[in-house]
Amino acid sequence: MKLGLGGIVLAVVAYFIGGPELVMSLFSGGGSAPQSEQQAPTGTASDEAGQFVKHVLGDTEDTWNKIFAQAGRQYEPAQLSIFDDGINTACGQASSAVGPFYCPNDRMVYIDLAFFRQLETEFAAQGDYAKAYVIAHEIGHHIQNLTGTLEKVHAAKQRGSEADANALQVRVELQADCYAGIWAHDSETSRQLTEAGDIDEALTAAASVGDDTIQRRVQGHVNQESFTHGSAAQRQQWFHKGYSSGSVDDCNTFQ
Ligand SMILES: [Zn+2]
């Protein structure tokens with residue numbers, strides 16, 4: 001694994017797991033505060049859903065501590081913020097509809113518990129492991145931040161067209177999926193944390209947040225040039241690649 005310098009990351013872009021409509025809401029930033037629906041709060045850091053998030057996050061730390069140590073580096077864990085309504089971040093204002101995301105500026109993973117409920121209803125991705133995959137994917141972006149990949153991609157995006165920038169973002173997302181697969185591999189082989197059906201839950205979740213799946217659902221047709229996360233098939237493929245090999249060297253989506 002080629003681990004570059006940590007350095008200061010100036011990227012002001014957040015990386016999402018969700019579709020284009022989710023991206024817009026944060027990128028527009030600064031505008032009117034998003035309206036949240038009248039809804040009883042159903043998830044906080046201290047309840048069961050919050051405890052689950054912390055547990056998975058802790059497990060990803062076991063994995064990445066080890067991998068970084070093997071590369072002679074110390075892993076610096078991401079911070080966690082759990083929210084169920086709008087939240088202000090170093091990457092801008094996020095609405096509750098934004099979904100989980102990672103903000104490189106404050107090295108924080110923001111987990112939107114409302115999205116976890118959505119995963120089961122709108123995305124039809126059931127089970128704890130679907131949520132675990134989402135968390136591990138966001139940590140994948142944190143790894144990309146620590147290794148300097150996000151910074152490089154951010155710079156490259158400034159030089160290209162919007163289509164080029166989208167294509168680069170797809171590679172970023174697929175690599176985060178591959179890193180999530182690496183966590184699943186290590187969690188299973190080192191700590192026996194996976195049960196029968198878990199990997200299928202993750203693969204179903206990966207497909208459900210594929211750009212083609214989301215576009216078909218939201219706009220009724222698929223426009224490949226606007227993809228920012230990769231197709232369902234690509235997302236499954238890269239998660240599975242990381243899961244099968246367990247090696248970061250097999251996660252080079254930029255080749
Ligand atoms: Zn992502």
Side-chain angles (χ1 to χ4, degrees), residues 9 11-27 53 56-57 60 64 78-81 83 89-92 94-95 97-112 115-116 118-119 123 125 130-154 156-157 165-184 202-215 226-243 248 251-254:
V9 174
V12 284
V13 190
Y15 300 89
F16 304 92
I17 192 152
E21 80 280 17
L22 304 180
V23 175
M24 285 304 294
S25 56
L26 198 74
F27 273 72
V53 172
V56 173
L57 197 72
T60 65
W64 291 108
Q79 301 299 306
L80 171 70
S81 173
F83 70 104
T89 82
C91 291
S95 77
V98 83
F101 63 97
Y102 174 73
C103 172
N105 301 355
D106 54 15
R107 293 187 172 186
M108 272 186 119
V109 170
Y110 290 88
I111 295 295
D112 171 8
F115 177 83
F116 277 177
Q118 251 185 334
L119 255 185
F123 294 85
K131 301 177 181 75
Y133 151 72
V134 170
I135 298 162
H137 170 98
E138 297 308 335
I139 290 301
H141 289 314
H142 179 60
I143 303 303
Q144 293 172 321
N145 194 13
L146 296 178
T147 56
T149 301
L150 291 187
E151 196 177 19
K152 278 186 213 148
V153 168
H154 180 69
K157 278 178 169 177
N166 285 347
L168 275 171
Q169 186 60 31
V170 167
R171 290 166 185 267
V172 168
E173 297 300 334
L174 294 177
Q175 187 175 61
D177 282 338
C178 190
Y179 287 170
I182 285 180
W183 162 75
L203 289 169
T204 301
S208 76
V209 291
D211 283 320
D212 47 350
T213 315
I214 289 175
Q215 287 186 1
S226 67
F227 278 12
T228 52
H229 289 71
S231 68
Q234 285 176 314
R235 300 199 71 165
Q236 288 191 322
Q237 181 203 327
W238 281 100
F239 174 85
H240 200 267
K241 196 166 185 184
Y243 169 68
V248 286
C251 291
N252 189 355
T253 55
F254 296 92

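Scope of the values below: all heavy atoms of this structure, side chains included, with no hydrogens, waters or symmetry mates. One-based numbering, in listed order, for ligands and for the atoms of each. Since the structure is predicted, the reported quantities are computational estimates derived from the model, not experimental observations.
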Minimum-distance atom from the Zn ion (ligand 1) among N, O or S atoms of Glu173: OE1
The Zn ion (ligand 1) - name of the N/O/S atom of His137 that sits closest to it: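 Going through the N, O and S atoms of His137 one by one, NE2 ends up nearest to the Zn ion (ligand 1).
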Residues that Ala165 engages under side chain to side chain contact (heavy atoms under 4.5 Å, CB included), provided they are two or more places apart: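 Ala165 satisfies side chain to side chain contact (heavy atoms under 4.5 Å, CB included) with Lys157 only.
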All side chain to side chain contact (heavy atoms under 4.5 Å, CB included) counterparts of Thr204, not counting sequence neighbours: none
The Zn ion (ligand 1) reached by Asp177 (N, O or S, under 2.8 Å): no
Under 3.5 Å side-chain donor-acceptor pair for Glu173 and His141: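 Judged by distance alone, the side chains do pair up.
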Mutual orientation of the aromatic rings belonging to Phe83 and Tyr110 [parallel < 30°, tilted 30-60°, perpendicular > 60°]: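 Ring orientation, 0 to 90° scale: perpendicular.
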